[in-house]
Each structure stands twice: as C-alpha cells, then as structure tokens.
Amino acid sequence: MKTDIIKIYFNKWISCILMTILLISMTGCSSQGKTGSTKPSIGFRITWMDKSDEGVAIQKIVDMYNAQNSGQYEVVLQGGDEDFKNIEKSIVKDKDAPILVLPYEYVKDFGGNAKLVDLTSSFSQEQSLFYPELWRLGTVDEKTYGIPWIGDSICLVYNKDLLFSAGIGPDGITSLEAFERALKRVEVATNAKGLGLVGANHRDVSWMVNQFIYGFDSSLVDSTGKKVTINNDQSRAALDYYVNHLSLYAQPTWKEDSGAEVMEAFRNQEVAFEFQGPRGLADIEKNGSPFEVGTISLETMGLKSDVEPLMISIPQNMPVEKQAEATEFIKFMISVEAQKKIVDGEYSTENDAYYPFKVPTRMDLANDVVFEKHPEYLLFMEGFGNPSVDVPVLKWQKVKDEVYAPELHKLMNGEISIDEFLIIVEEKGNNILNEGN
C-alpha cells in the first residue's frame with residue numbers, strides 16, 4: 001500500500017516536470033525571434049551561415065534594427081548560401097518567404113520573371129545615395145528589384161615596402177604604360193616578380209580578364225542579353241595586353257593559378273602587385289602585417305573594377321502584411337547607421353581583431369569618419385561607380401563555366417589564338433544565351 005502511494009506521487013512528480021518542459025517549449029515556439037520577443041517574425045536570409053564570422057557581424061546589425069523597431073514583426077537572421085536553385089525553390093514554394101540577400105545577377109533573373117516585389121516607388125528617394133551604375137544592377141526594364149547593400153570591388157593592391165625599394169611612387173601609376181614601367185622596375189630592383197596573375201581554368205580568370213575587356217571599351221553581351229559582343233578589336237587588344245604583356249611580369253605558375261594562389265604569392269612577397277578586393281587587405285592583416293599595403297583605383301589606369309554587390313530583395317510571395325515592414329528593414333540596412341557597422345567587419349577570435357569582409361555601398365559614406373580607421377578601403381567603394389560586370393545576365397554564368405573560363409585557360413596556355421578564342425566564345429556563347437528561345 002505504501003509502495004503504491006509512493007508510485008502515485010512519483011508519477012505525478014514526473015508528469016509535472018514533463019508539463020513544465022512542454023510549457024517552456026511552447027513558450028519558446030511562440031516567441032518567433034532570438035531576442036525574447038513575442039512578436040511574429042520575418043526572416044532575413046543571408047548568403048553565409050548565421051554562425052559564421054560574417055553572420056555574427058550581420059546579426060549585430062539586425063539586433064540594432066529590432067531594438068529600435070516599433071513595428072509588428074521582429075526580423076530573424078537566417079543562414080543561407082548562393083545556390084540559385086535553392087533560393088528559387090524557396091521563393092516559388094514558400095508562402096512565407098524571407099527577405100533575401102541576392103547576388104545582382106539573381107536579382108536580374110528573379111525580377112525579370114516576376115518573382116520579386118517591385119521596389120521602385122518605395123525607394124525613389126534613396127536611389128540618389130548610390131552610384132547609378134551600381135543601382136542599375138538591381139533593375140530590370142527600369143524597375144528596381146534589388147537594393148544595393150554591401151559588396152566587393154577590385155583595386156590594384158601593392159606592397160609598399162617593395163615599391164619603396166624599387167623607388168616607385170604609386171601616385172605615378174596613372175596609365176597602363178606607367179603600370180608596365182613599374183612592373184619592370186620592381187623586377188630590376190627587387191627579388192620579386194611584378195604582378196600576381198590568374199590563368200587557371202577557374203572562375204577567377206573570368207572576372208580578372210573582364211576588367212581589361214570592359215576597360216578597353218568592349219563588352220560581353222548586348223543590351224538584350226541574347227547576343228555575345230566580345231568578338232571585336234577592342235577585346236583583341238585587351239587580351240593581347242593580358243596574355244602577351246602582363247604575363248611577362250607574372251609569377252612563374254600564373255597559367256595554373258587562381259586568385260587563392262595569387263594571394264599567397266602576394267602574402268609571401270613573391271609579387272609586388274595583385275588585383276584584389278577587401279579580403280586581400282584583411283589577409284595581410286590577419287597574417288601579422290609583414291609589410292604595409294596600399295591600393296590604386298583601376299579607373300586611374302583606364303580599367304574597370306570587377307564588382308560583386310549583394311542586393312536585398314523582397315520575394316513576391318511574402319505575405320502582403322509583411323512587405324511594408326520588410327521595406328522598412330531594407331531602409332534601415334542602407335541607412336548611415338547600419339552601413340557604418342559594415343566597416344567594423346567580422347571578428348577574428350584567433351587575432352582578437354576586426355576585419356572588413358565587404359564594403360558598404362552608400363556614396364556619402366566616403367566622407368564619413370568611419371573610414372578614418374580603414375582609409376585604405378575607400379577605393380573599393382569607389383569601384384562601384386566604374387564596374388566590370390562578370391555575369392551581365394544569368395545565362396552568362398553557364399557561358400562562363402562551360403566556355404569562357406575553359407577557353408581562356410587554353411588561350412593562356414597557347415593552345416588557341418586570340419582570334420580562335422573570340423570566335424569560339426561568340427558561337428558557343430550565342431547558342432547558350434538563346435537556348436529555349
């Protein structure tokens with residue numbers, strides 16, 4: 001009898017514990033956000049994992065918004081990637097799709113296929129805050145589907161110590177002719193090669209070469225995106241300069257190297273110059289700053305800067321009642337307050353320091369005190385106004401992967417001529433661009 005009573009009380013005790021756990025769990029579910037808020041949530045899907053260094057840095061900005069947001073919803077950061085099919089599946093099938101961070105070429109495709117909300121009227125006042133060339137990357141047929149948020153551009157990055165040893169003043173590098181003279185001088189006066197160059201069958205060779213294609217007044221496709229326009233004298237001159245001039249000053253393994261090997265060669269002081277984005281500077285800092293670095297705008301040399309802006313978009317199938325708040329969130333993310341936080345960068349536990357991983361996109365930040373800590377990053381922002389566009393239309397990604405990069409590698413290896421390369425890209429590229437038409 002006594003044993004039965006004990007069992008009854010024991011079972012009641014277990015039931016109470018289980019009920020408490022269930023209530024706590026249910027309470028956690030009703031709070032949609034990560035800050036303890038009981039508001040329903042709107043997702044914000046980025047292109048990094050939410051626990052990555054970049055994700056943690058972005059989370060702080062989202063937290064700033066939520067702390068001062070008096071709206072109906074809390075924004076919750078969601079980790080993601082740049083997988084086109086995964087994103088497309090989400091915005092087609094998900095009835096509660098999140099606010100999206102998208103590469104510019106995805107905005108062109110999704111916007112042109114009525115999968116994104118037209119933001120033209122909502123952001124008419126903000127357009128003037130950005131370089132027109134950058135803003136256009138988020139538009140289709142004069143309608144805005146993506147708002148520039150953060151991104152990369154490319155500068156000519158140099159080793160100050162090597163240039164000093166060679167007696168080179170970087171301010172004098174204002175043309176390709178002056179650049180070539182500087183490369184020669186480096187090799188005469190130091191043990192380094194002049195320039196880190198890419199020639200591998202790799203995506204890096206495409207954006208690297210395109211800076212010369214655009215810089216020599218050529219282009220990849222026409223305004224319709226259905227016709228390859230690269231086969232001309234300007235492209236011929238650009239490729240000749242890259243393959244037959246710059247290669248004379250490149251690292252010995254350049255024909256097989258991607259951007260990663262170039263960064264390593266620059267870090268090891270094997271080359272004095274490299275074409276690189278913000279991570280090129282952070283890479284030197286993370287490795288103990290063995291030498292000082294500087295940047296030169298590609299525009300001063302007559303070239304175009306490869307740009308990779310990330311846009312913020314609202315999917316068409318987001319519930320209408322959430323779209324107004326999503327719009328306010330985007331306006332916050334491009335505000336001076338939020339854009340300044342991008343310059344703080346990501347935190348490295350290994351070095352106990354912060355490093356910019358992208359740069360903000362607002363033009364007016366160039367004059368802000370926020371860049372006093374990182375003045376060398378300013379030119380990356382200015383590159384957005386002088387862009388080389390690696391993937392002008394989404395179908396060019398397939399041209400790039402299947403034709404452009406592999407044939408460029410053959411050209412670097414001397415397996416085909418410049419004229420043969422241009423004909424191959426024109427013919428095969430046109431076939432790909434017009435598939436299904």
Side-chain angles (χ1 to χ4, degrees), residues 82-89 91-92 102-116 133-146 198 200-239 242-243 304-311 313 387-412 415-437:
E82 293 188 9
D83 188 299
F84 179 84
K85 291 183 178 179
N86 282 345
I87 299 171
E88 183 179 41
K89 187 185 299 182
I91 64 177
V92 169
L102 297 173
Y104 67 89
E105 61 269 28
Y106 292 10
V107 173
K108 295 279 191 184
D109 185 272
F110 293 145
N113 286 291
K115 295 173 183 174
L116 300 176
E133 298 86 352
L134 178 62
W135 189 267
R136 281 197 290 271
L137 293 179
T139 65
V140 179
D141 296 330
E142 306 300 322
K143 293 182 179 179
T144 300
Y145 294 101
V198 170
N201 181 5
H202 188 273
R203 61 184 179 83
D204 288 341
V205 74
S206 171
W207 65 255
M208 181 77 82
V209 169
N210 286 342
Q211 297 177 124
F212 293 83
I213 297 294
Y214 285 103
F216 279 60
D217 293 324
S218 186
S219 59
L220 302 179
V221 299
D222 67 2
S223 59
T224 70
K226 297 178 181 180
K227 182 179 179 182
V228 176
T229 55
I230 195 173
N231 189 3
N232 54 52
D233 289 340
Q234 293 94 323
S235 295
R236 199 167 287 108
L239 291 167
Y242 191 96
V243 176
K304 301 282 186 179
S305 176
D306 177 70
V307 296
E308 293 185 8
L310 291 172
M311 308 278 181
S313 300
S388 164
V389 183
D390 191 44
V391 185
V393 293
L394 193 64
K395 280 190 176 181
W396 187 263
Q397 186 68 52
K398 185 175 182 180
V399 177
K400 172 181 172 177
D401 295 339
E402 297 182 6
V403 182
Y404 198 56
E407 296 301 326
L408 274 174
H409 180 57
K410 291 180 184 177
L411 175 61
M412 308 305 174
E415 298 172 34
I416 58 175
S417 68
I418 291 175
D419 283 336
E420 288 172 321
F421 168 79
L422 294 173
I423 291 170
I424 291 170
V425 172
E426 182 179 40
E427 292 180 351
K428 293 187 176 181
N430 278 331
N431 289 338
I432 293 172
L433 294 182
N434 289 282
E435 284 177 352
N437 292 339

Item checked: K410: side chain to side chain donor-acceptor pair (under 3.5 Å) partners, not counting sequence neighbours -> E407
Margin query: Can you pull out every salt bridge (Lys or Arg N to Asp or Glu O under 4.0 Å) where at least one residue sits in residues 426-437? Sequence neighbours excluded, please.
Written below: K398-E435
Next item on the list: Answer whether the closest heavy-atom distance between the side chains of L408 and L239 falls below 4.5 Å.
Entry: yes
Checklist line | Contact check, side chains of L102 and L116, non-hydrogen atoms, under 4.5 Å | finding: yes
Next item on the list: List for me each residue that meets ring-ring contact (aromatic ring centres under 6.0 Å, His included) alongside Y106, sequence neighbours excluded, and say none if there are none.
Entry: F84
Identify all side-chain donor-acceptor contacts of residues 304-311 below 3.5 Å with residues at least two apart in sequence or on another chain.
| from | atom 1 | to | atom 2 | distance (Å) |
| --- | --- | --- | --- | --- |
| K304 | NZ | N386 | OD1 | 3.3 |
| S305 | OG | I154 | N | 2.8 |
| S305 | OG | I154 | O | 2.6 |

Notebook entry, point to check: Is it the case that T224 and D222 place a side-chain donor and acceptor less than 3.5 Å from each other?
Noted result: yes
Next item on the list: With sequence neighbours left out, write down each residue that passes salt bridge (Lys or Arg N to Asp or Glu O under 4.0 Å) with E142, or none if nothing qualifies.
Entry: none
Next item on the list: Establish, from distance only, whether the side-chain atoms of S388 and N210 form a donor-acceptor pair under 3.5 Å.
Entry: no
Next item on the list: For Y104, check ring-ring contact (aromatic ring centres under 6.0 Å, His included) against everything at least two apart and list the hits.
Entry: none
Notebook entry, point to check: Above 12 or not: heavy atoms from other molecules or residues under 6.0 Å from CZ of R203?
Noted result: no
Next item on the list: Search all heavy atoms of T139 against all heavy atoms of T144 and return the closest pair with its distance.
Entry: CG2-OG1, 3.6 Å
Margin query: Does H409 form a side chain to side chain contact (heavy atoms under 4.5 Å, CB included) with V205? I'd like the steps, not just the answer.
Written below: CA-CA 8 Å; H409 180 57; V205 74; 5.9 Å; no
